[in-house]
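Contents: one structure, followed by commentary.
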Amino acid sequence: MTISIFHLLSLFILLLSQSFDISNSQSSPEFCNQHDKKVLLRIKNKLGNPSSLSSWDPNTDCVMWKDIQCNNEQGHLTSISFIEARDIKGPIPPFLDQLPYLTGLYFSDVPNLSGPIPSYIGRMTNLTSFFISGTNVTGPIPRFLSRLTKLNQLALSFSKFTGPIPSFLGRLKGLTFLCLASNELTGQIPTTFGQLTNLNFLRLSSNKITGPIPVFLAKLKNLNTIDFEYNSLTGPIPQYFGHMRNLTTLSLSNNLITGPIPKSFGRNNLVMIKLAHNKLTGDASFLFDEVNTAIVDVHIDNNQFKFDFSNVDLGRSLVGFNISHNMIYGSLPKRFGTLSVDSVDVRYNKLCGPIPNGRRFKRVDPVVFSHNKCLCGGPLPGCK
Ligand SMILES: *[C@@H]1O[C@H](CO)[C@@H](O)[C@H](O)[C@H]1NC(C)=O
Ligand SMILES: *[C@@H]1O[C@H](CO)[C@@H](O)[C@H](O)[C@H]1NC(C)=O
Ligand SMILES: *[C@@H]1O[C@H](CO)[C@@H](O)[C@H](O)[C@H]1NC(C)=O
Ligand SMILES: *[C@@H]1O[C@H](CO)[C@@H](O)[C@H](O)[C@H]1NC(C)=O
Ligand SMILES: *[C@@H]1O[C@H](CO)[C@@H](O)[C@H](O)[C@H]1NC(C)=O
């Protein structure tokens, strides 16, 4: 959108300059701020002129360069994205702090980017979005990031960050998006996270986080996504999760969580719930029920749930579920027969009786029904 406005404006200026008969391309005016352009060219040079930055051509207006955005006053650079730049090697380049109007800085899928986050990043206090994702960047999450108080979005993910999740991140109260997934972060979720009341999205998955799911997260009423899967969280699922009105996606799979699912989950706006591979017990039938009007996908496989499935009034929005490896008994509810065949898995339970609308499932791999007490029909042998 902005780019196309720039294109139009630059065309206009080009026409203007031609009408004044300025033919020398050297002196034709550019949109891009010339100081900022020089900084980018120094960065490119420092990175060894990788081919992923081939659009950074000194003979063209940097407004046209790939994944670069400028503002419309003096053509100052506002955003730089290094995306899928596999040929960029070594540490995060210097000079980025010489771009005072920069608000967005993205490194995404730059696997050979390495070393710690340089301390000059702590001076880039105008940043609102900072992404380091899919890199080989290492080290503890540095304290100077707490100076970036204008941040709305912070991703330090799919990289090699180590050490505890620092409590100073709780000072970044403007954050709406925080992703620290897939690192080697340890320790508990800091209590200061209770201050991040603007958060919509919190993802801490695939780390080594321990301790219980903290009560102070109840203050984050704007959260729509919580993803803590693949950690070592212990203790029960807090009751208040079921009262978070904006929560649509909850993933706690692959932890060490115990106890029953709180009954508060019976009537909320969850669309997707993933609780697989924990040590949960009791009744989970109300998750599937019609009263959970928005529910689409339920994953509770590999737990110790024990309940009668026969009379569950499967929600009409439900598209799939995995309940395998539990102790669920009774029969498959009638509406099961209307679900999509490639998104259900009930193996390793104690279910019995005919598969509803079994003909629909005739071509399905019978393995998804296997290891039950006495399911029959459909892809399994006929009922007696
Ligand atoms: C960058 O990393 C990839 C692994 O993602 C590796 O295969 C490749 O050789 C590296 N490229 C360079 C130029 O070092
Ligand atoms: C932040 O941006 C303003 C312009 O909006 C600029 O004057 C100031 O120098 C910038 N600060 C830093 C630390 O870059
Ligand atoms: C990441 O860094 C480690 C050393 O810290 C190195 O062994 C590994 O090959 C690097 N990976 C990539 C994709 O560059
Ligand atoms: C939930 O989302 C709605 C709309 O997206 C928003 O207006 C509201 O402030 C959010 N927070 C709570 C606590 O409902
Ligand atoms: C359901 O869960 C089991 C156990 O966790 C897993 O092996 C299986 O692949 C899952 N089924 C589907 C359809 O994803």
Side-chain angles (χ1 to χ4, degrees), residues 2 32-33 35-36 38-40 43 69-80 94-105 117-130 144-152 172 174 205-206 229-231 251-257 272-281 284 287-288 295-306 309 314 318-328 332 336 339-351 355 360-361 363-372 375 378-380:
T2 25
C32 183
N33 182 278
H35 164 267
D36 289 6
K38 281 199 194 98
V39 173
L40 285 184
I43 291 170
Q69 278 174 21
C70 308
N71 67 15
N72 32 23
E73 282 124 52
Q74 285 112 15
H76 276 296
L77 240 82
T78 55
S79 168
I80 307 180
F95 315 133
L96 288 161
D97 57 338
Q98 294 171 23
L99 301 165
Y101 290 78
L102 204 65
T103 57
L105 179 56
I117 300 178
S119 59
Y120 78 80
I121 298 282
R123 292 196 293 270
M124 299 177 68
T125 51
N126 281 334
L127 285 180
T128 57
S129 294
F130 182 44
F144 53 76
L145 290 186
S146 67
R147 290 189 222 136
L148 309 184
T149 51
K150 290 188 189 161
L151 280 179
N152 298 136
L172 303 175
S205 54
S206 298
E229 64 181 35
Y230 291 95
N231 278 295
S251 183
L252 303 174
S253 289
N254 296 80
N255 277 286
L256 305 166
I257 299 168
M272 152 95 91
I273 184 162
K274 291 165 90 181
L275 304 174
H277 291 270
N278 278 294
K279 299 174 172 184
L280 294 162
T281 52
L287 290 181
F288 304 85
I295 198 78
V296 168
D297 216 347
V298 178
H299 297 258
I300 58 165
D301 45 286
N302 262 285
N303 279 289
Q304 294 150 30
F305 290 115
K306 199 183 219 171
F309 208 34
L314 293 181
L318 196 65
V319 166
F321 59 76
N322 192 342
I323 62 172
S324 71
H325 297 268
N326 280 290
M327 290 173 277
I328 300 166
L332 290 172
F336 182 86
L339 292 174
S340 157
V341 289
D342 51 4
S343 58
V344 291
D345 196 335
V346 305
R347 78 187 87 173
Y348 288 93
N349 277 295
K350 301 197 182 319
L351 294 163
I355 296 170
R360 272 193 81 224
F361 297 101
R363 297 221 182 97
V364 177
D365 187 344
V367 75
V368 299
F369 298 106
S370 65
H371 299 273
N372 273 289
L375 284 178
L380 301 176

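No hydrogens, no waters, no symmetry mates; every other heavy atom, side chains included, goes into these values. First listed ligand is number 1; within each ligand, the first listed atom is number 1.
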Check whether N71 reaches the backbone of H76 with its side chain - one donor and one acceptor, N or O, closer than 3.5 Å. yes

Below 4.0 angstrom from a heavy atom of H277, which ligand 5 atoms are there? Numbered from 1 as shown, please. 5 (O)

Numbered in order shown, the ligand 5 atoms found under 4.0 Å of a heavy atom of S324 are 1 (C), 2 (O), 3 (C), 4 (C)

Does any N or O atom in R347 lie less than 3.5 angstrom from one in ligand 5, N or O only? no

Less than 3.5 Å between some nitrogen or oxygen of R123 and one of ligand 2, yes or no? no

Main-chain N/O of E229 paired to N254 side chain as donor or acceptor, under 3.5 Å: no

Applying salt bridge (Lys or Arg N to Asp or Glu O under 4.0 Å), can you list everything that pairs with D365, at least two apart in sequence or on another chain? none

CZ/F130: more than 12 non-hydrogen atoms of other groups inside 6.0 Å: yes

Atom 7 (O) of ligand 2 has as its nearest protein heavy atom Y101 OH, 4.6 Å

Considering only the protein, which heavy-atom contact is closest to atom 13 (C) of ligand 2, and what is its distance? T125 OG1, 3.4 Å

Do you see a donor-acceptor pair shorter than 3.5 Å between the side chains of H299 and N322? no

Polar atom proximity, H325 to ligand 5 (N or O, under 3.5 Å): no

What protein heavy atom is closest to atom 5 (O) of ligand 5, reported as residue, atom name and distance in Å? D301 OD2, 2.6 Å

Identify, for atom 11 (N) of ligand 5, the protein heavy atom at the shortest distance, and state residue, atom and that distance. D345 OD2, 2.7 Å

heavy-atom search around atom 9 (O) of ligand 2 in the protein gives P100 CB, 4.0 Å

Of the protein's non-hydrogen atoms, which lies at the shortest distance from atom 10 (C) of ligand 5, and what is that distance? N322 ND2, 2.4 Å

Using a 4.0 Å heavy-atom cut-off, which part of H299 comes near ligand 5: side chain, backbone, both, or neither? neither

Result for side chain to side chain contact (heavy atoms under 4.5 Å, CB included) between I323 and one of V346, N303, V298 points to V346

Considering non-hydrogen atoms of the protein only, which is the closest contact for atom 6 (C) of ligand 2, and what is the distance? N126 ND2, 4.1 Å

How are the rings of Y348 and H371 set to each other: parallel, tilted or perpendicular (split at 30° and 60°)? parallel

Please list, chain by chain and in numerical order, all residues satisfying side chain to side chain donor-acceptor pair (under 3.5 Å) with R147, sequence neighbours excluded. none

Output the list of atoms in ligand 5 that are nearer than 4.0 Å to some heavy atom of N302, sorted by atom number. 4 (C), 5 (O)

Hey, do the aromatic rings of F336 and F288 have their centres closer than 6.0 Å? no

